Each structure stands twice: as C-alpha cells, then as structure tokens.
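Side chains are part of it too, since the values below use all heavy atoms of this structure and drop only hydrogens, waters and symmetry mates. One-based numbering, in listed order, for ligands and for the atoms of each. Note that the structure is a prediction, hence the values are computed from the model and not measured.
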Amino acid sequence: MASFKYAIHIHQDNSNVFDQKHPPGNFAPFAGIYRCVVCGKEIGIAQGHTLPPQNHHQHPNGRGRVEWQLLVQAHSY
Ligand SMILES: [Zn+2]
C-alpha cells in the first residue's frame, strides 16, 4: 500500500482516471504510481513510458491477469 508523510502535498481527486484499468504493456496515460488490481503490487512510472508487461510478476493460478490502475498521479507543474 502506498504511503506518505505530509498530507499537505497530496490532495484527493475524484476524477475517473483513477477508475480506469490498463492492460500490461500499454502506454501509461499519466506519470505516477500504479497498482496491480489483482495483487496490489505497486510501480512508479514516468510520463510517456509503457506499463510493465504481463510477465512483470506472476499471480497464482486462477487469480487473473495483471491489470494496472492509477493510484497516485504525479504532476509536473
Ligand atoms: Zn499483480
């Protein structure tokens, strides 16, 4: 689970960009932290990069494929 110390630097955003699920190997629409919806594994990714591929990590049989969901969006302004 992602953590932080100073809440003053993070604000809650109800945008639907945090509800979208992205297949492995796809273009990451935003820089930030993504989590796998199946196992909770988190990765940081820079803007313009692609999400890790399906073989990035393995799930036990029957738990489903890797899917990435934006957890924290990084802003560069
Ligand atoms: Zn996973």
Practice item. Step by step, work out the side-chain contact (heavy atoms from CB on, under 4.5 Å) result for Ser15 and Gln73. Key: CA-CA 11 Å; Ser15 170; Gln73 183 180 4; over 6 Å; no

Review point. Looking at Leu71, Leu70, Ile43, which hits side chain to side chain contact (heavy atoms under 4.5 Å, CB included) with Arg35?
Key: Leu71

Review point. Leu51 and Val17: same hydrophobic cluster, using ILVMFWY side-chain contacts below 4.5 Å?
Key: yes

Exercise for review: Would you please classify the geometry between the Tyr34 ring and the His22 ring as parallel, tilted or perpendicular, with 30° and 60° separating the classes?
Suggested key: perpendicular

Practice item. Indicate if Trp68 and Ile45 have the same hydrophobic cluster label, given that clusters are the connected sets of ILVMFWY residues with side-chain heavy-atom separations under 4.5 angstrom. Key: yes

Revision key, fill the gap. Listing protein N, O or S under 2.8 Å around the Zn ion (ligand 1) gives Cys36 SG, Cys39 SG, His57 NE2, His59 NE2

Practice item. Determine, stepwise, if the pair Glu67 / Val38 fulfils side-chain contact (heavy atoms from CB on, under 4.5 Å). Key: CA-CA 7 Å; Glu67 271 192 303; Val38 173; 5.7 Å; no

